Amino acid sequence: MKCLCAVIAFFALIWPAPAADPEPNRLLGLSLDELSEIKIDTVYAASKVTEKVTDAPSSVTIVGRDEIQRFGYRTLSDIIRSVRSFDVTYDRAYSYTGVRGFTSLNDYGSRILLLVDGHRMNDPIFDTAAVGTEALVDVDLIERVEFIRGPGSVIYGSNAFFGVINIVTRGSTTVDGVEASTSAGSFDTYSGRVTIGKKFANGVEFLISGTYYSSEGQDSLFFKEFDNPATNHGIAFHRDGDSFWSTLAKVSYRDFTLEGGYVSREKDVPTAWFGSVFNAPDTTVDSRGYIELRYAHETIDGWALTGRAYYDTLDYHQLATYNYGFGRVVNDDSARERWWGLEAGGSRTFFDRFRISIGAEVRRSIDLIQRNYDEQPFASYLDVSSYQTVFGTYADGHLEINKQLTLTAGLQWSHYDSFGSTVNPRTALIWKPVESTTLKLLYGEAFRAPNVYQLYYSTFNQRSNSALQPETIRTYEFVAEQYFLTNWRSTVSLFRNEISGLIDTIDSNGFLVFTNLTDAHVNGAEGEIEGKWSNGLLLRASYTWQDAVSNANGRRLVNSPENVVKAHISVPVWPDKIFASLELLYTSDRFTMLRRSTGDACLLNTTLYTRNLAPRLEVSASIYNLLDQEYRTPGGPQHLEDSLVQDGRTFRIKFTYRF
Amino acid sequence: MKHAISAFLALVWLFSSPARAESEYDVKAAYLFKFTKFVEWPVAAFAGPDAPFVIGIVGHDAFNGGLDRLIEGNTTGDRRLEVRHLNASDSAGLRGCQMIFVSTSEQRRLANILSTLQGRPVLVVGESEGFASAGGMLGFALRESRMGIEINSAAARQARLKISSQLLNLAKLVN
């Protein structure tokens with residue numbers, strides 16, 4: 001109710017901004033440059049081909065830089081949360097991405113494929129799709145994010161299970177010089193960024209950027225499960241700090257791009273996870289890097305060819321304090337990953353109505369090392385080196401049966417040395433009876449291979465399982481998209497996901513053991529309506545109903561809200577200069593692992609963003625969780641806490657200056 | 001479930017509304033109009049001082065009549081703009097245009113179209129992949145969510161058309 005009042009009050013305050021319809025021939029009045037800047041919704045990652053969103057064999061959402069700025073999104077997880085169907089759960093160490101009623105509490109986002117400029121970010125040991133402060137790309141460097149719902153294994157193999165998220169980074173021309181940004185926010189949070197980008201007359205262009213971020217985090221956090229004198233009455237004091245530095249660089253010349261990135265984040269963990277001692281200085285450090293050479297070329301006879309060669313790294317190091325009964329012991333848990341990969345692909349259209357895309361890839365590990373030991377007295381529990389080689393190849397055809405009807409069908413084959421081969425198809429029938437209406441009928445299958453962590457990680461409190469099989473999913477979806485009244489677009493989607501052999505830990509004689517544990521299914525319906533005007537006014541509201549049920553007991557899955565509402569309003573208070581934006585995120589109650597309810601949550605985030613007010617300067621001021629709602633998300637199997645409190649009202653102010 | 005059904009019905013209701021979308025083809029149409037200003041035709045390209053400036057759509061009209069509506073009543077310089085719908089084998093029709101837009105449906109007849117117009121001052125614009133490299137003069141190409149242009153300036157030169165530097169700067173040169 002409070003939520004609704006705030007939305008109405010916001011409208012009342014802001015509404016006077018005009019929402020004039022553009023005259024029909026408005027486009028004729030634009031200059032050549034302006035015409036070339038008009039955005040047409042396209043997506044690359046759905047088929048590894050640039051295509052219009054309405055032609056993609058999936059339900060697709062694009063979030064662009066303008067929206068990121070106007071809504072004051074701080075991390076990739078803020079962006080993901082804003083998108084229909086997507087959800088992120090934060091456990092004060094990592095952020096876990098889920099889709100359509102399925103958000104795991106300990107999978108590091110492994111059922112989502114995360115790409116940066118098409119480069120795979122999920123690693124071999126943990127499959128991590130890092131989206132919180134541990135993410136590699138500073139949100140300021142994002143041109144747009146493509147969200148592709150549903151299985152993408154047909155192109156990408158493993159991890160493209162519930163969806164694919166592709167981050168497209170900014171081109172050098174959007175910087176054209178030097179750009180610097182600094183921000184300050186609640187919990188002594190500060191950040192700074194410097195980016196240099198330039199395109200030279202000879203065609204060489206480059207972009208290089210560095211970011212530093214530091215946050216003290218909450219002074220004290222209360223966890224009632226630890227509310228006794230021996231554990232500081234449940235108060236974790238100064239245990240929520242978070243800091244990272246990251247860099248991204250790329251240089252392009254003609255058909256070649258060399259791109260690299262690195263991030264290193266250190267997070268204090270206040271939750272005493274994995275049975276560690278409460279209020280002890282637990283930390284986790286995650287460093288992720290890659291370097292990639294990319295080739296994209298269009299031949300004279302119409303082949304669009306791509307190739308990639310890359311080298312990736314991940315280093316993870318976690319310290320936790322344990323008490324085995326004879327005093328405190330610091331336990332080190334770490335992983336070192338080095339791997340390389342090659343990808344090649346091509347697509348061509350034949351007879352103007354049949355497009356075929358083919359591709360092949362190989363990924364091979366150099367080092368995959370997992371260690372776990374007690375520092376003093378020294379005791380090693382794990383020191384295992386593993387290898388992984390993955391082959392994949394696919395073919396995807398797109399046939400225009402006639403001007404209105406298109407059929408897409410594809411097949412992907414993957415081979416893993418752990419479990420063998422898997423084949424995954426996807427097919428889509430797209431019907432456009434008129435230019436403004438698109439109907440899509442989609443079917444797909446996908447898999448997630450058991451990762452090296454699940455296959456080979458055994459310690460004093462956890463057991464591996466090398467017999468794990470891939471998780472699989474089949475999805476059925478109907479999507480209807482309708483453009484109407486010049487400025488409006490609506491989408492309706494009905495979906496069913498059937499999931500088999502989900503890998504999760506069970507408690508077996510005091511050990512956490514990975515098994516192909518759960519079969520589940522999700523039925524759901526979504527509707528979204530969006531209006532965009534040329535003066536910048538944006539209105540969007542979506543509603544998702546999702547019923548995610550475990551096949552074993554017929555009960556709703558943990559951490560799965562049945563109803564989700566998202567609404568976004570951005571008003572040009574002073575056209576092209578000042579924007580006021582409000583985001584509403586509502587989720588109905590979720591079950592915790594102990595089958596308790598977390599209650600529902602209604603969050604309002606608001607941002608005032610200005611550009612062009614002073615030359616070259618952008619200022620953004622945001623208040624997150626405006627109503628200071630106390631809300632909780634379920635704890636995972638690694639937590640003793642049944643639910644974890646999330647941040648109350650916080651603020652951030654940010655300045656960006658272009659030199 | 002009740003919520004889901006009512007939300008669904010509400011959206012279904014919206015579907016019955018009359019529809020028109022600003023789309024890719026609105027942008028392409030606006031570009032075609034711009035090309036009339038940023039390309040210079042020799043005087044000999046026109047039948048006379050009062051002759052209209054003719055844009056021909058060859059093959060399927062992906063604009064759905066949108067180009068006709070946009071151009072209607074507009075002029076370039078002193079000339080009235082006119083849109084004609086042609087098919088690829090209509091040689092006389094093609095030669096009567098100052099600019100033609102070749103739909104994807106006619107891509108495989110591009111070679112014939114080009115030989116029909118060999119040496120004539122007709123700007124050949126297309127939208128298929130690699131149109132400009134294949135001998136067309138101006139090709140639309142989606143680049144990073146924006147409508148980009150590829151120019152084969154040698155082909156334009158042969159047709160005695162002068163493309164302004166402003167347009168050349170914006171485009172990707174393919175020859």
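Just so it is clear: chains get the letters A, B, ... in the order the sequence lines come, proteins before strands, and each one is counted from 1. Given the structure is predicted, the values throughout are model-derived calculations rather than measurements. The analysis underlying the following values was restricted to heavy atoms, covering all of them including side chains, and did not include hydrogens, waters or symmetry mates.
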By side chain to side chain donor-acceptor pair (under 3.5 Å), which residues pair with A:T587, not counting sequence neighbours?
none
By ring pair (Phe, Tyr, Trp, His ring centres under 6.0 Å), which residues pair with B:F63, not counting sequence neighbours?
B:Y25, B:F101
Specify which of B:R108, B:H60, B:M147, B:K37 makes the most heavy-atom pairs with chain A at under 4.5 Å.
B:H60
CG of A:N202: more than 12 outside heavy atoms within 6.0 angstrom?
yes
Set of residues satisfying side chain to side chain donor-acceptor pair (under 3.5 Å) with respect to B:H85, sequence neighbours excluded
B:D68
Contact origin within B:Y31 toward chain A - heavy atom pairs under 4.5 Å
both
Heavy-atom distances under 4.5 Å only: say whether A:D547 touches chain B with side chain, backbone, both or neither.
neither
For chain A, find its close neighbours in residues 149-170 of chain B: heavy-atom separation under 4.5 Å, sorted by number, or none.
B:Q166, B:L167, B:L170
Per-residue contact mode, B:F38 against chain A (heavy atom under 4.5 angstrom)
side chain
Value for NZ (B:K34) from CD (A:E34), rounded to nearest 0.5 Å, stands at 8.5 Å
Heavy-atom count check: over 12 atoms from other residues, nucleotides or ligands less than 6.0 Å from A:F351 CZ?
no
